[in-house]
Amino acid sequence: MTMHIDGRKLARRIEDAVASEVASLAERSGRVPGLATVLVGDDPASAVYVARKRAAVRKAGMRDLHRSLPAHASHDDIAAVIDELAATPEVSGILLQLPLPAGVEARPLIDRIPAVKDVDGLTTESVGLLAGRADGLRPCTPSGVIEILDSEGIAIKGAHAVVVGASDLVGRPMAQLLLQRDATVTIAHRRTTDLAAVTRAADILVVATGVPGLIGPEHVKHGATVIDVGITRTPTGLTGDVRTEELDGIAGRITPVPGGVGPMTIAMLLANTLKAALTQDRTTSSLSLSAAQPTRP
Ligand code: NAD
């Protein structure tokens, strides 16, 4: 029997833990973490994602510091908003919702977000911190996958993990996080020849391509853990990259779509916002501490 992993239940557990930590932080220091979501334009899918994130932020007792810009906003308009949020102490985290309207390049704008407020873990600095194994904020979806594996008691150390998809948002950071946990990691992508031969070697198979139904029984080793990150909207609902029903009795564990990785992404966003707030608190208090130290002659 293949076990279906309940991402919603785990996400709720993390969100509850964040909410209670937020409440005790507020009681201790009066500080309430705040997330600034920045939405540019009127892409309906982005509007839905941002609304969900904002609702989760409020539910966790954090400040919802949303900013909306019109579709015709220029690079300079967006940069000005990001700079203002970066300089505002009440803003613990900044999330620039992607994609941006055509004609505005995302990378230079993402890189204006200070690494300490980069709750999406996407700035060049955050990517470097991850690659250099230094402390920092990690991208939400791959961190959510690691949480799922840990909560299911799946051994990462020494396992052969295959990540299908090599994007900046999911595949690459996913591979880094698995490597840091001592997995043997292979990354496959659209130019991989004989995908099935590669994926059949996986103890842990993480699929993030956006190609519905790409992965079937021919791709999966008996007993492997299959994590389906893919989300594609179809007229009949959301569908993943994995033909889940065909893997029954083959995969050991599998994440469904919907209800697997998706809810974990928002839970990890909340966890990152809390972490950002705590880090900024520590930085501020150590700055004021060092300012209070008498200087030696
Ligand atoms: P992307 O388009 O940026 O990257 C897709 C990757 O898949 C590329 O590296 C490409 O080489 C690879 N790929 C494409 N076709 C392939 C094929 N036939 N064989 C092997 N590799 C192939 O996408 P992304 O931003 O990484 O997102 C991937 C999927 O994950 C999408 O469906 C997206 O909606 C979903 N997603 C879900 C969450 C979540 O919260 N669950 C978060 C982010 C992205």
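Values in this document were obtained by computation on a predicted structure and should not be read as measured data. For ligands, and for the atoms within them, numbers begin at 1 and follow the listed sequence.
- Remark: ligand 1 atoms within the under-4.0 Å shell around heavy atoms of Thr265 are 39 (C), 40 (O).
- With respect to atom 15 (N) of ligand 1, the closest heavy atom belonging to the protein is Val211 CG2, 3.4 Å.
- Side-chain atoms of Gln176 do not come within 3.5 Å of backbone N or O of Val127 as any donor-acceptor pair.
- Using modelled atom types, no side-chain atom of Thr141 and backbone atom of Val229 make a donor-acceptor pair closer than 3.5 Å.
- By the criterion of a heavy-atom distance under 4.0 Å, neither the backbone nor the side chain of Asp168 is placed next to ligand 1.
- The residues Glu147 and Arg13 are annotated as not salt-bridged, no charged nitrogen and carboxylate oxygen being separated by less than 4.0 angstrom.
- Among protein heavy atoms, atom 31 (C) of ligand 1 sits closest to Gly210 CA, 3.7 Å.
- Set against the non-hydrogen atoms of Val164, the atoms of ligand 1 under 4.0 Å away are 20 (C), 21 (N).
- Heavy atoms of Gly262 approach ligand 1 to within less than 4.0 angstrom.
- Listed for the Lys117 side chain is a donor-acceptor partner under 3.5 Å among the backbone atoms of Ala86.
- Nearest protein heavy-atom neighbour of atom 25 (O) of ligand 1: Leu169 CD2, 3.8 Å.
- With Asp228 contributing its side chain and Val242 its backbone, the two residues share a donor-acceptor pair below 3.5 Å.
- In terms of modelled atom types and a separation under 3.5 Å, the side chain of Thr192 and the main chain of Leu195 share no donor-acceptor contact.
- Proximity of Ala208 to ligand 1 is established by a heavy-atom distance of less than 4.0 Å.
- With Val163, Ile231, Val257, Val261 as candidates, the residue nearest to atom 32 (O) of ligand 1 on a non-hydrogen basis is Ile231.
- With hydrogens left out, the protein atom closest to atom 43 (C) of ligand 1 is Val170 CG2, 3.7 Å, a heavy atom.
- For the residues Leu238, Val229, Val198, the heavy atom positioned nearest atom 37 (C) of ligand 1 is part of Val229.
- Counting atoms of ligand 1 from 1 in the listed order, those under 4.0 Å from a heavy atom of Gly165 are 6 (C), 7 (O), 9 (O), 12 (C).
- At the top of the distance list for atom 19 (N) of ligand 1, counting protein heavy atoms only, stands Leu214 CD2, 3.8 Å.
- A salt bridge links Arg253 with Glu152; the closest basic N to acidic carboxylate O contact falls under 4.0 Å.
- With a heavy-atom cut-off of 4.0 Å, Thr141 touches ligand 1 through its side chain alone.
- Distance from atom 3 (O) of ligand 1 to its nearest protein heavy atom, with residue and atom name: Ser167 CB, 3.4 Å.
- Scanning all protein heavy atoms for the shortest distance to atom 8 (C) of ligand 1 gives Ala166 N, 3.9 Å.
- The heavy atom nearest to atom 16 (C) of ligand 1, considering only Arg233, Met174, Arg190, Arg191, is found in Arg190.
- A donor-acceptor pair is defined here as one N or O able to donate and one able to accept, closer than 3.5 Å; such a pair exists between the side chain of Asp241 and the backbone of Thr209.
- For the pair Asp42 and Ala71, the tightest heavy-atom approach, listed with the atom from each and the gap, is OD1-CB, 4.4 Å.
- Residue contacts with ligand 1: Thr192 is excluded, as none of its non-hydrogen atoms falls under 4.0 Å.
- Side-chain N/O atoms of Thr184 and His160 include no donor and acceptor closer than 3.5 Å.
- Panel note: side chain Arg31, backbone Ala26; no donor-acceptor pair is recorded below 3.5 Å.
- Remark: side-chain polar atoms of Ser92 are paired, donor with acceptor, to backbone N or O of Gly34 under 3.5 angstrom.
- Looking only at heavy atoms of the protein, atom 7 (O) of ligand 1 is closest to Thr209 CA, 3.4 Å.
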